[in-house]
Amino acid sequence: MTKQIGVDSPDMVVPQELQNNVWITNIAKILDPVYNWGRRNSVWPMVFGLACCAIEMICTAASRYDLARFGMEVFRATPRQSDLMIISGTVTKKMVPTIVRLYNQMPEPRYVLAMGACASGGGPFKEGYSVVDGIDKFLPVDVYVPGCPPTPQALINGLIALQEKIDQQSIATVPWYGKGDPTADGVVPIPVLGPDLVDMRQLDIIRQQAAKVEATAAAGPETEAATE
Amino acid sequence: MSELILDAPEPQEEEMAVGTAVSDDPVARAAALLKERFPDAVSDDPREGYSGLMVDVDKLVEVATALRDDFGFNYLSSVTGVDLLSENKLEAVYHTYSLDQGGDALVLHVQVDRDNPSIPSLVPVWPGADFQEREAWDLIGIHFAGHPDLRRILTWDGFNGHPLRKDWKEPFFEEEKKPFGSRWPDGGVFRAEEKNPFGKNVQYPAGWQPTGNEYDVETDMYLPGETHVVDPGTGIKTDKVTVNIGPQHPSTHGVFRMVVVLDGETVVDLKPVMGYLHRNHEKIGERNTFIQNIPYTDRLDYLSSMSNNHGYVLAVEKLFGMEVTERAEWLRILMVELTRICNHLWALGFLLNDLGALQTPMLYFYLERELILDFFEATAGSRMMCNYMRFGGVAYDLPDDVRGTPTLQFLEELIYGNLPRVLDQGDQLITGNEIVRSRCIGVGVLSREDAIAYSTAGPVLRASGVQYDVRRANPYSFYPHLDFDIPVRFNGDVMDRYDIRMEEMRQSLRILQQVLPHIKATTGQKINSDKPQYALRAPRAGEAYGRVENPKGELGYYITARRREGNPDRYHVRAPSFINLTPLGKMCQGHKVADIVVILGSIDIVLGEVDR
Ligand code: SF4
């Protein structure tokens with residue numbers, strides 16, 4: 001992206017007498033710690049409770065566990081002001097269009113933390129007909145926190161893991177300062193509710209399956225269902 | 001209410017013989033009189049293990065009206081749809097109670113053909129049937145003729161089929177009943193996604209072709225009707241505005257949605273929209289074995305998992321005819337009453353939050369709530385999802401210590417020290433607070449008649465002047481041995497609901513103070529029956545309905561089973577939060593937008609239970 005400069009660059013020669021006074025590095029290396037320090041200590045989550053796990057999320061923010069120690073107590077009610085979406089609970093098919101829409105409304109940098117078994121993979125309700133088996137079917141997840149519900153300690157551990165992840169990002173490579181429309185990559189098509197949840201990215205597979213079923217139905221009327 | 005304490009049955013004899021013409025039992029008396037009045041339409045349910053009356057579908061409304069007006073069974077608690085696949089019938093089950101006499105339910109069964117399942121709606125008789133009938137339509141597909149607004153409620157419009165029918169298979173369907181052959185006894189496991197052509201939890205009806213832009217399931221939820229109002233005095237025409245609150249909104253206590261029609265700041269109409277947390281509790285519950293359902297009940301009203309457990313084990317114990325050991329009963333009451341305090345602390349914290357007392361009272365309340373959770377964690381292994389009760393007892397005895405303090409000492413400090421202190425503090429700082437009072441008094445009034453007609457329960461019902469508490473009206477466990485009052489208020493506004501909860505916590509403390517000596521005295525005794533629980537099978541066919549006074553109201557479990565089966569056939573939850581929402585629209589009318597969240601907060605809902 002930027003031209004390689006600094007000590008690693010072969011055409012950079014520092015005179016002998018200046019070597020103790022000059023430190024040559026690239027700008028990202030100077031800025032990254034500052035930039036990340038600021039971001040990691042002010043991750044503002046969205047006020048967004050889905051199910052039982054949300055109660056533990058609230059407890060994490062409340063008196064005893066005190067999320068303010070990490071600069072994360074500023075829960076924002078609007079996605080426009082938040083950095084982190086904590087998916088705290090079961091994602092149902094009826095709810096997932098809203099969740100995706102909210103995610104799309106969050107400005108970069110944005111992170112998603114899947115809290116609990118349900119958000120990570122469907123959890124105890126996975127077999128149910130109106131439950132999405134994990135939010136990662138729709139959104140990119142940064143941190144998974146296991147548990148049903150995860151204790152506040154576990155959630156804090158997950159948030160610390162997120163901080164470590166933020167620490168490793170570099171201002172030079174993060175996508176949201178890149179060329180072009182940075183949000184274009186991040187926009188997830190909003191699923192819609194038909195006879196079942198329809199993921200707009202899967203329309204082709206759905207059509208194929210329907211055609212297949214029609215073909216088998218024409219061959220023999222006993223295979224009716226779209227799935228086995 | 002007090003006479004109910006005196007002649008309350010011994011706890012173990014709870015299984016009341018409904019229908020065996022004992023004329024001093026109000027249920028039997030009403031049943032006999034009903035049969036006399038409607039000889040062609042009403043008869044005893046002939047099935048083995050079923051109590052209650054079989055009512056002819058054409059006469060249902062008449063029978064219900066007579067029951068309400070002439071026999072004193074003025075309260076429709078629960079409406080359950082049942083799919084009787086083998087008989088090609090659908091059934092609606094109504095549990096009605098007499099609020100004045102207390103006692104057990106008079107159960108009405110109505111059966112219709114599966115091919116043309118139409119039952120007259122009971123909304124004109126009991127408006128409280130509204131959401132419950134919509135639920136039965138949505139999930140079972142019983143058409144309630146004459147229902148004012150028969151739309152889907154938990155799934156969405158356009159959803160394919162009625163999922164609780166026995167022949168409806170979910171996308172990840174594996175087998176009819178658990179344990180699944182793939183898991184047990186061989187222990188093989190596969191991922192359900194691998195078998196599904198779409199790689200996720202979806203399926204589509206045969207031949208269905210998506211076009212990609214035909215769905216707008218949300219608009220139909222907006223209310224039709226007049227688009228403007230005319231001020232009678234000035235003749236000025238103002239537009240009505242429809243505002244959507246939720247499902248993502250900080251004040252809706254979860255993923256709850258309200259569609260509100262406003263005239264300026266004033267609420268003209270409000271309709272709740274739910275189902276955003278519909279987690280198929282009942283469908284999963286009907287595949288599960290009996291014991292597998294206990295952890296699922298934790299997740300209904302996830303703030304009071306212990307009481308949810310209690311209701312469920314009571315229902316199953318009724319079905320199985322099981323006895324509970326003495327220590328286990330005391331432990332159950334200990335847990336359940338602590339849960340009530342937990343829940344009310346939470347509810348009031350949030351109510352104040354909604355009132356604008358942002359966070360501070362809540363943080364104070366939660367500090368003490370954490371102590372209760374510490375105790376739960378030490379005992380049951382989990383802070384919230386305790387999974388503690390078992391059929392015939394409880395899972396674990398008390399631990400030796402809680403966070404380094406001996407358990408009994410911890411409990412004593414809690415019950416005599418911390419909890420009364422936080423209640424006093426709350427009373428001092430909040431109850432008399434002028435802002436709180438002016439925002440709460442006279443807001444969200446629910447009259448006594450409406451509270452009964454809309455089937456509300458718990459603090460909402462008692463704040464409207466009905467002194468009805470299942471612990472007294474239809475006693476279970478050791479509650480008849482305990483001395484406590486049922487608080488009641490008469491204005492039916494937000495302030496009264498607040499007061500009731502404050503008072504109930506004090507009563508719970510009273511109960512806990514009486515329970516502690518028994519816990520001490522029964523140390524070392526058995527806490528569970530010896531039967532291995534995983535192998536339990538229903539000893540008889542039939543139905544059972546277990547209900548408890550949950551912090552939010554009457555929580556009931558309706559269970560039917562076949563003989564020698566290890567799974568329930570029908571498993572239905574009467575969720576107090578869900579039914580308490582029925583009058584929300586009415587309570588909000590005429591108030592300001594800011595009052596909506598307060599009224600909602602005063603009902604105290606938990607979405608896990610609303611949507612199940
Ligand atoms: S993971 Fe467990 S606690 Fe969390 S939402 Fe799911 S069921 Fe509830």
Side-chain angles (χ1 to χ4, degrees), chain A residues 46-52 54-56 58-59 62-64 75 77 79 89-90 92-95 98-99 102 118 122 124-134 137 148-149 151-152 192-200 202-203 205-207 209-210 212-214 217 224-228, chain B residues 154-156 158-160 163 169-174 192-193 195-198 200-210 212 214-215 217 247-250 253-255 275-281 283-284 287 295-296 299 302-303 346 362-364 366-367 370 373 383-385 607-608 611:
Chain A
M46 184 154 64
V47 184
F48 183 53
L50 286 178
C52 354
I55 305 295
E56 284 296 57
I58 296 168
C59 285
S63 348
R64 185 187 280 180
F75 277 80
T90 318
T92 62
K93 291 178 182 170
K94 202 169 175 177
M95 191 63 195
T98 314
I99 297 176
L102 287 168
C118 283
F125 298 97
K126 177 177 173 180
E127 62 198 283
Y129 50 84
S130 78
V131 171
V132 174
D133 47 335
K137 301 281 187 301
C148 180
T151 55
V192 291
L193 296 170
D196 202 331
L197 187 69
V198 183
D199 186 347
M200 302 313 273
Q202 275 193 325
L203 286 183
I205 312 181
I206 296 170
R207 289 205 188 94
Q209 282 293 329
K212 214 157 93 188
V213 172
E214 239 155 55
E224 271 279 292
T227 62
E228 37 261 22
Chain B
L154 295 181
T155 63
W156 55 91
F159 186 84
N160 178 36
K169 308 268 192 281
E170 55 269 50
F172 282 175
F173 174 76
E174 215 181 310
E193 291 93 318
K195 296 212 162 178
N196 189 303
F198 306 103
K200 57 178 86 165
N201 192 6
V202 289
Q203 70 186 357
Y204 304 98
W208 179 75
Q209 289 279 357
E214 74 269 52
Y215 329 93
V217 293
Q248 200 285 115
H249 188 280
H253 297 223
V255 283
Y276 293 95
L277 191 54
H278 179 46
R279 300 192 282 195
N280 331 128
H281 187 83
K283 186 83 175 176
I284 295 175
R287 302 225 189 286
Y296 281 91
R299 287 155 181 80
Y302 32 75
L303 289 171
W346 186 275
M362 190 175 102
L363 294 179
Y364 270 90
Y366 292 1
L367 216 50
E370 286 289 339
L373 296 191
R383 286 156 49 88
M384 277 169 65
M385 306 303 177
L607 264 296
D611 296 339

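In what follows, every chain begins at residue 1, and chains take the letters A, B, ... in the order their sequences are listed. All of these numbers come straight from a predicted model, not from anything done at the bench.
Rounded to the nearest 0.5 angstrom, A/Ile206 CD1 and B/Tyr204 OH are separated by 3.5 Å. Here the straight-line distance linking atom CZ of B/Phe159 with atom CG of A/Leu193 works out to 10.0 Å at 0.5 Å rounding. Here the CG-NZ distance, from A/Asp133 to B/Lys200, works out to 8.0 Å after rounding to the nearest 0.5 Å. Rounding to the nearest 0.5 Å places CZ of B/Phe173 at 14.5 Å from OH of A/Tyr129. Of the inter-residue distances, the one linking A/Thr90 atom OG1 with B/Asn280 atom CG reads 9.5 Å to the nearest 0.5 angstrom. Rounding to the nearest 0.5 Å gives a distance of 8.0 Å between CH2 of B/Trp156 and OG1 of A/Thr92.
In plain terms, the two heavy atoms of A/Ile58 and B/Tyr366 that are nearest each other are CG2-CE2, 4.1 Å. The two residues B/Met384 and A/Pro149 have their closest heavy-atom pair at SD-CG, 4.1 Å. Nearest heavy-atom pair, A/Cys52 versus B/Met385, reported as atom, atom and distance to 0.1 Å: CB-CE, 3.2 Å. Across every non-hydrogen atom of A/Cys148 and B/Arg299, the tightest pair is SG-NH2, 3.0 Å.
Of the atoms belonging to B/Leu303, it is side-chain heavy atoms, and not backbone ones, that fall under 4.5 Å from chain A. Both the backbone and the side chain of B/Leu367 have a heavy atom closer than 4.5 Å to some heavy atom of chain A. Looking at B/Arg383, the atoms closer than 4.5 Å to chain A (heavy atoms on both sides) all sit in the side chain, from C-beta outward. For A/Leu102, the part sitting under 4.5 Å from any heavy atom of chain B is the side chain, from C-beta outward, and nothing else. Contact of A/Glu127 with chain B is made through backbone and side chain together, with heavy-atom distances under 4.5 Å.
The most heavy-atom pairs under 4.5 Å with chain B, out of A/Cys118, A/Ala51, A/Ala54, A/Ala62, come from A/Ala51. Per-residue counts of heavy-atom pairs under 4.5 Å with chain B were compared for A/Val47, A/Leu197, A/Ile205, A/Ile55; the largest is that of A/Ile55. Among the candidates B/Asp611, B/Leu154, B/Val255, the residue making the largest number of heavy-atom pairs closer than 4.5 Å to chain A is B/Val255. Counting heavy-atom pairs closer than 4.5 Å to chain A, the top residue among B/Lys283, B/Met362, B/Glu193 is B/Glu193.
Annotation: B/Phe172, atom CZ; neighbour count of heavy atoms from other residues, nucleotides and ligands within 6.0 Å is above 12.
The main-chain N or O of B/Asn201 is found under 3.5 Å from a side-chain atom of A/Lys93 such that the two form a donor-acceptor pair. The closest donor-acceptor contact from the side chain of A/Lys94 to the backbone of B/Leu277 lies at 3.5 Å or more, if one exists at all. Under a 3.5 Å cut-off, the side chain of A/Asp196 and the backbone N or O of B/Asn160 do not form any donor-acceptor pair.
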